[in-house]
There are 2 protein chains.
Amino acid sequence: MARAARPGITDVAKLAGVSLSTVSRAMNGNPTVDPALAERVRAAAAQLGYTASPVARSLVLGRTQTVAVVIPDLENPTFQAILRGLSRAAAADGYHVLVADSREDLDEEHALARATRLRTDGVILCAPRMSEDELAEVLPALSPAVVVNRGPQTGTPVVGADYEAGTRQILDHLTALGHRRLVYLAGATRSVTHRARQAAIAAAVRDGDGLEVEEITAGVDFDSGTAVADRVLATGATAVIAYNDLVAMGLLSALTIRLIDVPRQLSITGFDDIPFAAYTSPPLTTAAVPAVELGAAAWTAMHAQLTADEPTPMLTLTPTLVVRGSTAIPHSA
Amino acid sequence: MARAARPGITDVAKLAGVSLSTVSRAMNGNPTVDPALAERVRAAAAQLGYTASPVARSLVLGRTQTVAVVIPDLENPTFQAILRGLSRAAAADGYHVLVADSREDLDEEHALARATRLRTDGVILCAPRMSEDELAEVLPALSPAVVVNRGPQTGTPVVGADYEAGTRQILDHLTALGHRRLVYLAGATRSVTHRARQAAIAAAVRDGDGLEVEEITAGVDFDSGTAVADRVLATGATAVIAYNDLVAMGLLSALTIRLIDVPRQLSITGFDDIPFAAYTSPPLTTAAVPAVELGAAAWTAMHAQLTADEPTPMLTLTPTLVVRGSTAIPHSA
DNA sequence: CTGTTAGCGCTTTCAT
DNA sequence: ATGAAAGCGCTAACAG
């Protein structure tokens, strides 16, 4: 028993008794085709279960209805959320999404971007790890492209969260509570978002109020948070601004073991508002980065380039401060 | 300034002074081409920055080097892990991955599977929500396909975790600790994995030992766990087997608020071992589902069908019991 | 070993 | 309004 091959446009044409062109036109809703004929064609197509081959269409039309997203790490909750927002927005516009996980590998990131671009209509670079120079060099070859959470680019739309504003909100919250001696747990020191946090902190310190912030380089994951617990305690600070929620949670966990009462003895803030930030004990006060919206915005920027009707401004979303149980007035106050 | 169009195979042929076929052969490593010529061709290609169009190749070769994964919910940590494992394994074999989020919509799931199949070489159905009949009906049209975490299928490889074995491990752990009165917090009652849990529980009860298990229908997320806290307490059970980690965490959170000491007053187990299960307080005892490995296995099963060399057995991975702080000997013991 | 030719399945001028 | 024919960019017989 030979398995029936997928019907081609020729089969439909034969069955409907018309030419290929007519089938093509009818299937694409071209108004120049006689309504009656169009109906006949559609009936024939339905009878055969015919659907035009997307691959063949891609070749002739020069577009694939697919975009690529390259992500540094599929394990990161924030990237997962961005992917989700992007994927759903793209699907709503009838586009498909190719995901590529660069696994934090610089060369892979570069190669994946170029490779996936060939089979798609554009690529979204999610928080690219490559250097500014490399990025600027590769971007033209990827066009249309969209960059997420990286500094401004000439010629490529950028969407991102305002980490400086988020940090400012955290600082305001903490100082309003009465904290003056803080620790900032830095992540990857060459990261752009780290610089943004630093800038906000520097500005706050400069503004006086007797604010002091000591910086300790930790890392970006849970374990780096636990690892610096003792150093944090040694500073005598009353509150700590963790690089992100993961670091904050790690620290929180280590402090719990040391029987340190958070927030009474020490306040802790995170960043991102990953799904589980609300479920730690105490729940984490954090700056919520609208990652799903960021993904959706990235799609909007891509779609605009693909259809060339709307403008594509550089979009910046502001994180929202979410006050939960991990912050309170300082012990000494 | 006209932007240079992407060079085609013709440009390379011209520059190298050979025919199209020779370029094609050289670029594909065909050994029948003179080494010197091949080198010249490669040089020309490099000079022009030429790469064969994947779309054109897909059309003529009949394969896209891409597979589709349809997932019920990109927000679910387990599916994220499966996607990660799958994506990385596929990438290692030079394949690309198209993701489609059906958002728990039955019709979408069906439509997405069919639509993405047209632009890929196969589709992986992740814990499909559609009925057994529908699944059996659509699967032939998707071939080659792989089904993850669903009952056995005729003609389609299935990979999945053994939820019954996982539940058995939890039961053994709890009974060994001395628990006799348990509560099982059920999730979606028509889910296949729920039935597996039920079967394991029924068998354990049947085996005697005076084990009693009361079933309470909760749900699959954090909130459903918090919602049933009082009902759980009212049963007087000494341990609860939650449908999954999310439910367990929700329950844990509600109990913490009620000042119930876990595990001293009540032991709790989860299922899945999602990333944050280790970070609750107390950390969750759970049956770890090897989701990343499941994704990798799904790829292996797909790759085998694509290359038709290896066999594709039905693969079942056994969860691992991870004993953490949320379980202990019963209070009364 | 290399070049010529015929498609892969579709869309789109260009005629009619 | 419809059909015939020319490709989209590449690979794979088929000659030589």
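Within 4.0 Å (heavy atoms only), T22(B) reaches sugar-phosphate atoms of the nucleic acid but no base atom. When heavy atoms are screened at a 4.0 angstrom cut-off, V55(A) is found touching no nucleic acid atom at all.
Under the 3.5 Å distance criterion, the side-chain polar atoms of E109(B) are matched with a main-chain donor or acceptor of M130(B). Judged by distance alone, the side chain of R129(B) and the main-chain N or O of L106(B) form no donor-acceptor pair under 3.5 Å.
In this model, no donor atom of one side chain and acceptor atom of the other lie less than 3.5 Å apart for D133(A) and S131(A).
Taking 4.0 Å as the cut-off between side-chain N and carboxylate O, D101(A) and R84(B) do not count as a salt-bridged pair. Using a cut-off of 4.0 Å between Lys/Arg side-chain N and Asp/Glu carboxylate O, R114(A) and D107(A) are scored as not salt-bridged.
Atom CG in L37(B) sits about 7 Å away from atom P in dG3(C), given to the nearest Å. One can place CZ of R63(B) at 18 Å from C1' of dG9(C), the figure rounded to the nearest angstrom. Distance L20(B) CG to dA13(D) C1': 15 Å, rounded to the nearest Å. Rounded to a whole Å, the CZ atom of R57(B) is 13 Å from the C1' atom of dC8(C). One interatomic measurement links the two molecules: CG of L59(A) to C1' of dG9(D), which rounds to 6 Å at whole-angstrom precision. The separation between L61(B) atom CG and dC8(C) atom P is 14 Å, rounded to whole Å. Going from atom NZ of K14(A) over to atom C1' of dG3(D) covers 16 Å, rounded to whole Å. Regarding N30(B), its CG atom lies at a distance of 10 Å from the P atom of dC1(C), rounded to whole Å.
For V33(B), counting side-chain heavy atoms from C-beta on, the closest listed nucleotide (dC10(D), dT2(D), dT2(C)) is dT2(C). Counting only heavy atoms from C-beta on, S24(A) has its side chain closest to dT12(C) among dT2(C), dC10(D), dT12(C). In this structure, of dC10(C), dG3(C), dT11(D), it is dC10(C) that holds the atom nearest to the side chain of A56(A). Listed nucleotides dC10(C), dC10(D), dG9(C) differ in distance to S53(B); the shortest reach to its side chain belongs to dC10(D).
Side-chain atoms of T32(B) stay outside donor-acceptor range of the base of dT2(C), with no qualifying N/O pair under 3.5 Å. A donor N or O paired with an acceptor N or O is found under 3.5 Å between the base of dA4(D) and the side-chain atoms of S21(A).
Checking R25(B) against T51(B), the closest nucleotide of DNA chain D that is more toward the 5' end is the one next to T51(B).
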